[in-house]
Amino acid sequence: MAEATAPGDRPVRRRRINLYAYACAFLASMTSVLLGYDIGVMSGAIIFIKKDLKITDVQVEIIAGILNVFSLVGALAAGRTSDWIGRRYTIVLAGAIFFVGAVVMGLAPSYAWLMVGRFVAGVGVGYALMIAPVYTAELAPASTRGFLTSFPEVFINAGILFGYVSNYAFAKLPLRVGWRLMLGVGALPSVLISLGVLAMPESPRWLVMQGRLDDAKRVLERTSDTPEEAEVRLADIKAVAGVVEEGGVVVSVPKKHHGEGVWMELFIRPAPHVRRILLAAVGIHFFQQASGIDSVVLYSPRVFDKAGFSKSASLLATVAVGFTKTTFILVATFTLDRFGRRPLLLTSFAGMILTLCGLGWSLTVIGNHHSGHVEWAIGLAVASILGYVATFSIGAGPITWVYTSEIFPLRLRAQGASIGVVVNRVTSGAISMSFLSLTKAVTIGGAFFIYAGVAVAAWVFFCSYLPETKGKTLEQAEKLFRGKEEAAAAAAGEVELEEHGKGGA
């Protein structure tokens, strides 16, 4: 491989594509397909579940959105679990739990058993949503971290598309069989994911927190762009973890960290920069869901029905929504590390505002027309839905997970990220379980105008509060939230630590 030599420096290898880091991120992120498949498949399955089990609209809202509430159990437990058993085995656990839930849903003889399956699957989804971006962010080199950490959102979208295809494929089967197959097929990817993850390494940052410095060094050497970068990353992680060296020899490694005291540092006595980081994480997760993405994805067949589509045409049009969402997430994946987080996020929400207004307007016109069939309004509604999921996918979708996994300090990262997931799932559950009731109260067009107003508030929040993290190491990203006095105090502490090491040499 060609080498570039800087004056007075030893030769430095040029950057290369690290296929090993890509493969690890790919496998870890596949856990997100579980949530995507459930969202996509439930949008169509719920039509047949309602007929077969003879449930009400309120029960439809509950069964569609309750998985998000149940996922809180997994999300809250995932931070502490991953600090205790490691990031890798937490991914395996997520897949195993979802497998059980999918089997129960597929065999459910009644509404009550379906709720049991939703609970178990929800716990698995909560684990998966929290751990995949954290593991990938801790493993990936800074140059491609945005690209690799956006993989979970890619797989959420791929899962949604697979769910839509599953709906269309099984829709013509007998009523009692079709929806059960739609839900039960979700067990298959969880098995493949759990087996594949066993071939992955553990997070180097978790290894350092456990005092396994040699293991962490080996992982970093395999996942960094250059050997020099591996050395720098290891030094940064050791500094943040409190590893003390004298004369190049490690003399002090902190007690193994299993997540003790983290909640106090996050909520009871947070440092000013931790408080700002927590607000940023909570804000970005809240606005991602409160702007109505689950209402569009989960209830798109109903929206198309309101626009005058037949039932089969609605399901087919929903496949087009999934395809559009999956295609445009790839745009974000390949541009995150080139354009940065802020430009894509602000562009995304600007597009969402416009398309939500277009969707609200068109559905209002259709709803107020005596025949309900206004061709230009139907065309605008379809274009707005496709435009909305496209603009969501280029920014709001992936950047929420990327950004949250980047900004928390090492000691707080796992459980801090789990707080973001909790907010995400609570908001998602509230949106998906209230959409039908909201449309009855303010009309379906009015509901989307409300989501547009939320998106405006989100744009203002992101523009004024979130700093850019492109190209920063995880340790540098945390420092962006420090005030001047706090940054000066932290710098003085680092100098003191360095002088302590030199003094003992």
Side-chain angles (χ1 to χ4, degrees), residues 14-19 21-26 28-30 32-33 36 132-161 223-225 229 280-281 283-285 287-288 291 293 296-297 321-355 386-407 420 455 458-459 461-463 465-474 476-477 480:
R14 291 176 182 172
R15 294 191 182 277
R16 56 182 173 80
I17 295 176
N18 193 312
L19 295 178
Y22 277 44
C24 292
F26 186 90
S29 301
M30 282 181 67
S32 300
V33 83
V134 168
Y135 174 87
T136 305
E138 291 186 344
L139 194 79
S143 62
T144 55
R145 190 177 62 247
F147 173 71
L148 297 180
T149 313
S150 67
F151 278 13
E153 184 67 18
V154 173
F155 281 103
I156 288 176
N157 284 275
I160 290 172
L161 178 57
T223 58
S224 297
D225 291 334
E229 184 189 15
I284 196 169
H285 275 284
F287 283 121
Q288 185 207 46
S291 54
I293 183 61
V296 173
V297 172
V321 172
F323 181 79
T324 301
K325 203 169 185 295
T326 304
T327 301
F328 278 87
I329 188 64
L330 296 176
V331 175
T333 298
F334 287 100
T335 56
L336 259 172
D337 290 311
R338 179 182 301 176
F339 299 131
R341 285 51 161 162
R342 275 176 58 90
L344 285 177
L345 191 62
L346 294 174
T347 301
S348 172
F349 269 85
M352 288 162 60
I353 293 167
L354 293 175
T355 51
L386 297 179
Y388 174 77
V389 297
T391 52
F392 176 90
S393 295
I394 65 170
I399 292 173
T400 296
W401 305 103
V402 172
Y403 201 84
T404 306
S405 66
E406 292 177 325
I407 58 179
W459 193 95
F461 175 78
F462 299 147
C463 185
Y465 197 79
L466 302 189
E468 180 58 70
T469 58
K470 182 187 77 168
K472 306 290 185 182
T473 66
L474 296 183
Q476 292 169 339
L480 296 172

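Atom OG1 of residue Thr400 and atom CG of residue Leu345 lie 6.5 Å apart, to the nearest 0.5 angstrom. A distance of 11.0 Å separates OG of Ser393 from CD1 of Ile399, quoted to the nearest 0.5 Å. Summarising the geometry, atom CZ belonging to Phe392 is positioned 4.5 Å from atom CD1 belonging to Ile293; distances are rounded to the nearest 0.5 Å.
At a threshold of 4.5 Å between non-hydrogen side-chain atoms, the residues Cys463 and Leu346 count as touching. The closest side-chain heavy-atom distance from Thr136 to Ser405 is not below 4.5 Å. Contact of the Glu468 side chain with the Pro343 side chain is registered, since non-hydrogen atoms from C-beta on lie closer than 4.5 Å. Inter-residue side-chain proximity for Phe339 and Lys470 is flagged as unmet; no heavy-atom pair is nearer than 4.5 Å.
Other residues, nucleotides and ligands contribute only 12 or fewer heavy atoms inside 6.0 Å of the CZ atom of Phe323.
Just one of Leu148, Leu344, Ile394 meets the side chain to side chain contact (heavy atoms under 4.5 Å, CB included) condition when paired with Leu336; it is Leu344. Partner Phe349 forms a ring-ring contact (aromatic ring centres under 6.0 Å, His included) with one of Trp459, Tyr388, Phe462 and no other, that one being Phe462.
Distance alone, capped at 3.5 Å, places no donor-acceptor pair between the Gln288 side chain and the Ile284 backbone. Of the possible donor and acceptor atoms, none in the side chain of Ser32 sits under 3.5 Å from a partner among the backbone N and O of Ile156. Looking only at distances, no side-chain donor or acceptor of Arg342 sits under 3.5 Å from a matching main-chain atom of Pro467. For the pair Thr223 (side chain) and Ala140 (backbone), a donor-acceptor distance under 3.5 Å is absent.
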Query raised in the report: Given Leu480 and Ile407, is the side-chain contact (heavy atoms from CB on, under 4.5 Å) satisfied, shown in steps?
Result: CA-CA 8 Å; Leu480 296 172; Ile407 58 179; over 6 Å; no
Query raised in the report: Given Cys24 and Tyr135, is the side-chain contact (heavy atoms from CB on, under 4.5 Å) satisfied, shown in steps?
Result: CA-CA 9 Å; Cys24 292; Tyr135 174 87; 4.2 Å; yes
Report task. Start with the C-alpha gap between Phe328 and Val389, add the side-chain angles, then the distance that decides, and say whether side-chain contact (heavy atoms from CB on, under 4.5 Å) holds. Result -> CA-CA 8 Å; Phe328 278 87; Val389 297; over 6 Å; no
Query raised in the report: How far apart are the C-alpha atoms of Arg341 and Glu406, what are their side-chain angles, what is the distance that settles it, and do they pass the salt bridge (charged side-chain N to carboxylate O under 4.0 Å, His left out) test?
Result: CA-CA 11 Å; Arg341 285 51 161 162; Glu406 292 177 325; 2.4 Å; yes
Requested in this report: Carefully, step by step, assess Ile160 and Lys325 under the rule side-chain contact (heavy atoms from CB on, under 4.5 Å).
Outcome: CA-CA 9 Å; Ile160 290 172; Lys325 203 169 185 295; 4.1 Å; yes
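The two residues Thr326 and Ala158 make their nearest non-hydrogen contact at OG1-N, 3.8 Å. The two residues Pro152 and Ala132 have their closest heavy-atom pair at CG-CB, 4.2 Å. Of all the heavy atoms in Lys472 and Ala477, the pair that sits closest is CB-N, 4.1 Å.
In this structure, Phe151 and Phe26 have perpendicular ring planes: the angle between them is above 60°, well past the 30° mark. Note: Tyr22 and Phe147 have tilted aromatic rings, judged against thresholds of 30 and 60 degrees for the angle between ring planes.
Residues satisfying the side-chain hydrogen bond (donor to acceptor under 3.5 Å, both in side chains) criterion with Ser291, sequence neighbours excluded, are absent altogether. Taking Thr355 as the reference, nothing meets the side-chain hydrogen bond (donor to acceptor under 3.5 Å, both in side chains) condition, with sequence neighbours excluded. For the side-chain hydrogen bond (donor to acceptor under 3.5 Å, both in side chains) test, residues two or more places apart in sequence or in another chain that qualify with Thr333 are Ser150.
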